[in-house]
Amino acid sequence: VVVASALIEMYAKCENLDEANSVFDSLPQKDVVVWNVLVAAYAQHGKGYLALKCFENMQQHGVLLDQFTYSSILKACGSVGVLEQGAQVHEQIVDAGYQSHVIVQNALVDMYVKCGSLNEACKTFDRVKNRDAVTWNTMIAGYAEHGFAGLAAQYFQEMQANAIRPNEMTFSAILTAFTYTGLVEEGVQYLKDMEVFHGLKPNIVHINCMIDLLGHAGCFYDVEDLLKITSDLD
RNA sequence: GUUUCAUGUCU
């Protein structure tokens, strides 16, 4: 089973989900890890419905679910956008005693964000004791997506006050917040801060964010400058 | 041996 789960994972990473599935089917005995690998494979490749189906099967087979199962299935709920189902999984998590597991909590916050429930996301976020960068990033991205640039910026400050360093994900999240609200100056400032104060080099995602930010505002001249700067980087 | 977060296009 150990070899099989590694094999399934490899097929999944190669995006060959059919082959992953047939290896899975050929197994006479399946443990929780193999199930988890398959659920995660579907969830990670945007096959939310298949992940949910697999999750259902898994439960019918009486497999004891763990933190790996829950975090993957929450991702699937988020990508499909099924809030009720996600909330149901939330209850299961509480019953199973996994509600204090950081990764599961982060997955819960993200699920609520992706299902459009900022309220529940926020409530869940507040219950997280030891927030890590992912916890903060998820919430910042959630506010960004919903057009709350002010809150996104506030959380950006708060995360640092809580001794959590912003990373690449944090910056792309905050930059999109400014794009959606047309705050060009702020975006430019954060991009600078990213290198100057945080020692992070903007990657392709950040450059795309900036092109988007400036483009939306009609600053085509600046976009050209940006393209020049970035071609010098490589 | 398995899990959670970021840009745009499309779904």
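Residue numbers start from 1 in every chain, and the chains themselves are labelled A, B, ... in the order their sequence lines are given, proteins ahead of strands.
- Residue-level contact check: A/S172 touches the bases, meaning some heavy atom is under 4.0 Å from a base atom.
- Side-chain N or O atoms of A/H206 include none that pairs as donor or acceptor with a backbone N or O of A/L191 at under 3.5 Å.
- Considering only side-chain atoms of A/D66, the nucleotide from B/A6, B/U4, B/U2 that sits closest is B/U2.
- Summarising the geometry, the separation between CG on A/N208 and P on B/G8 is reported as 9 Å, rounded to the nearest angstrom.
- Rounded to whole Å, atom P of B/A6 lies 18 Å from atom CD1 of A/I164.
- When rounded to the nearest whole Å, the span between NZ of A/K75 and P of B/U2 equals 16 Å.
- Nucleic acid contact for A/V104: none, since no nucleic acid atom lies under 4.0 Å from a heavy atom of the residue.
- Note on A/S5: a base of the nucleic acid sits closer than 4.0 angstrom, heavy atoms only.
- The CE atom of A/M159 sits 10 Å away from the C1' atom of B/C5 (whole-angstrom rounding).
- Counting heavy atoms from C-beta on, the side chains of A/V184 and A/L214 come closer than 4.5 Å.
- For A/T138 and A/D110, the side-chain atoms include no donor-acceptor pair closer than 3.5 Å.
- Dashed line: the shortest gap from a side-chain N or O of A/Q67 to OP1 or OP2 of B/U4 is not under 4.0 Å.
- Side-chain atoms of A/S71 and base atoms of B/U3 include a donor and an acceptor less than 3.5 Å apart.
- Within 4.0 Å of A/V33, counting heavy atoms only, lies at least one base atom of the nucleic acid.
- For A/Y112, no side-chain nitrogen or oxygen approaches OP1 or OP2 of B/C5 to under 4.0 Å.
- Here the side chain of A/V205 is nearest to one of B/A6, B/U3, B/U2, namely B/A6.
- Across all strands shown, A/E168 has heavy atoms under 4.0 Å from base atoms, whether or not it also approaches the sugar-phosphate.
- Taking 4.5 Å as the limit, some side-chain heavy atom of A/T124 sits within range of a side-chain heavy atom of A/H90.
- Picking from B/A6, B/G8, B/U2 the nucleotide with the shortest atom distance to the side chain of A/Y180 gives B/G8.
- Across all strands shown, A/D31 has heavy atoms under 4.0 Å from base atoms, whether or not it also approaches the sugar-phosphate.
- Taking atom CD1 of A/I207 as the reference point, atom C1' of B/G8 lies 14 Å away to the nearest angstrom.
- Distance A/N203 CG to B/C5 P: 17 Å, rounded to the nearest Å.
- Distance from the side chain of A/C209 is smallest for B/U7 among the nucleotides B/U2, B/U7, B/G1.
- Residue A/L65 contributes atom CG, which lies 16 Å from atom P of B/U3 at whole-angstrom precision.
- Distance, A/F68 CZ to B/U3 P: 7 Å, rounded to whole Å.
- Residue A/T176 has its side chain nearest to B/U7 when only B/U7, B/U3, B/U4 are considered.
- Looking only at atom types and distance, the side chain of A/Q189 has a donor-acceptor partner in the side chain of A/D193 under 3.5 Å away.
- Listed pair A/K114 / B/U4 fails the phosphate criterion, with no side-chain N or O lying under 4.0 Å from OP1 or OP2.
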